[in-house]
Protein chains: 2
Amino acid sequence: MARISDPAKLENIKKATVSMIVEKGYGGASISAIAAKAGVADGYLYRHYPSKTELVRDLFSESTAMFFDYLQKELEHYTTFTDFITRYHRGLVDLINEKTDHAKFFIQLINDFTFEIDETAKQSILDLCHRTLERGQRDHEIPATCSSLDIYTVMVIVPLQIFSLYLKGFFGKITPDGKTAAMVTHTCLKLIRPS
Amino acid sequence: MARISDPAKLENIKKATVSMIVEKGYGGASISAIAAKAGVADGYLYRHYPSKTELVRDLFSESTAMFFDYLQKELEHYTTFTDFITRYHRGLVDLINEKTDHAKFFIQLINDFTFEIDETAKQSILDLCHRTLERGQRDHEIPATCSSLDIYTVMVIVPLQIFSLYLKGFFGKITPDGKTAAMVTHTCLKLIRPS
DNA sequence: TAATAATAAGTGAGTATTCATTCATTAACA
DNA sequence: TGTTAATGAATGAATACTCACTTATTATTA
């Protein structure tokens, strides 16, 4: 009945926002700069989001969901914990290399004290860690000395922070690869399954 | 010969900047708001720093140095790795509780892709990890399978990220304490010294 | 089929406000 | 008095957001 909205435009806005924030930070990513990068008029952002804060908050939720979805998808192929965590770290590297800006955006905001993580997302991931721990312990693959927080450490903290070091160029201009993933897995398995 | 400068004023500026950035983020922490909080005129900041960016960059360097100094001070009392890491985590909790805003500021900026860490500070900490690893291996306390990055993980990544979860209220309104430190140490020791 | 009415997509100049920064001025001390 | 600390009004650029408007598309009529 009327003009068709171009889905690419909204997608461009999202991409532009993410990359501008990673490049310039929240304050440095102005609406006009984002709109210009997205090839869209300034005002058009406000047809989709009520404010800049809400735009970023939404994208952060999307990022969180994307991360969580990947985690959950990998868990579907769970056979043993060792196998799972190996695949998971490996796939995480691919995901990060494929969507580097999204990964940086997520890591940056997760450590920002002005942005709070979704309460439901938080509960979901804590729950998921708990269930993974129980399964591993039932199969006698994870010792009783391990806690949910240990699982969170090897699933979230250690991989994200180590891959982030690479993204920040801490070790020079190297991007994380299969070798990096294997190294992270090795470190994490020592934590979970002291040999 | 002339009027004496009040050292408390500069200190107030630093404190106000740190707390405003933690509370509102870099963009939200305006010069006038910082100056007001510090009880100082807007223009006075520019007697000490050429720009807002430089002010924050300097404070970040100071934070990094403070963290590094604490780490180095603890290393002076090194007897065994186990003892060291236990004391170190325990002291880190105290430091974080004592200077919560500084800790948040440091954690936030270390994960910000627009702020780069000092090259010399980076080298120093990598070097320190390497030396700690070698000492631990010489004493047969740390197995040969461990890497410098493992040391970095138990010295920086895991404690900072887990304490940060507490600061963000991830587990409710609990502040990290001796028990939290012991838990982190336990997790980290499993990683380093698989029993 | 051709003309037009109706609807939603998309624009971008305009607004009030806030921003970082400057500098002429004043206050406090030697 | 001479020197420096410290002030805060002034400035112009930039900010987030608004809204009256244009443009593309479809439905409905003649």
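Each chain gets a letter, A, B and so on, in the order the sequences are listed, and its residues count up from 1. Please read these numbers as outputs of a predicted model, since none were measured by experiment.
Atom NZ in B:Lys24 sits roughly 15 Å away from atom C1' in C:dC19 (whole-Å rounding). Atoms CG (A:Asp6) and C1' (C:dT11) sit 14 Å apart, rounded to a whole Å. The separation between A:Ile13 atom CD1 and C:dA9 atom C1' is 12 Å, rounded to whole Å. Here the C1' atom of nucleotide D:dT26 and the CD1 atom of A:Ile4 are 9 Å apart, to the nearest Å. Taking atom CD1 of A:Ile34 as the reference point, atom C1' of D:dT15 lies 12 Å away to the nearest angstrom.
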Item to check | Protein-to-nucleotide contact annotation, 5' to 3' order, nucleotides 16-22 of chain D [B base; S sugar-phosphate only; - none; under 4.0 Å, heavy atom] | outcome: SBBBB--
Sequence neighbours excluded and cut-off under 3.5 Å, please list the side-chain donor-acceptor pairs for residues 142-150 of chain B, or say none.
residue: B:Ser147; atom: OG; partner: B:Leu149; partner atom: N; Å: 3.4
residue: B:Ser147; atom: OG; partner: B:Asp150; partner atom: N; Å: 3.2
residue: B:Ser148; atom: OG; partner: B:His130; partner atom: ND1; Å: 3.3
residue: B:Asp150; atom: OD1; partner: A:Thr187; partner atom: OG1; Å: 2.6
residue: B:Asp150; atom: OD2; partner: A:Lys190; partner atom: NZ; Å: 2.5
residue: B:Asp150; atom: OD2; partner: B:Ser147; partner atom: N; Å: 3.2

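Evaluation of the side chain to side chain contact (heavy atoms under 4.5 Å, CB included) rule for B:Glu119 yields B:Lys122, B:Gln123 as partners, not counting sequence neighbours. For A:Arg135, the side-chain hydrogen bond (donor to acceptor under 3.5 Å, both in side chains) test picks out no residue, with sequence neighbours left out. Contacts of A:Phe115 classified as ring pair (Phe, Tyr, Trp, His ring centres under 6.0 Å), with partners at least two apart in sequence or in another chain: A:Tyr26.
Within the structure, every pair that satisfies the side chain to side chain donor-acceptor pair (under 3.5 Å) test and touches residues 159-179 of chain B, not counting sequence neighbours, is listed here: B:Asp177-B:Thr180.
Taking the ring centroids of A:Tyr70 and A:Tyr88, they lie under the 6.0 Å cut-off.
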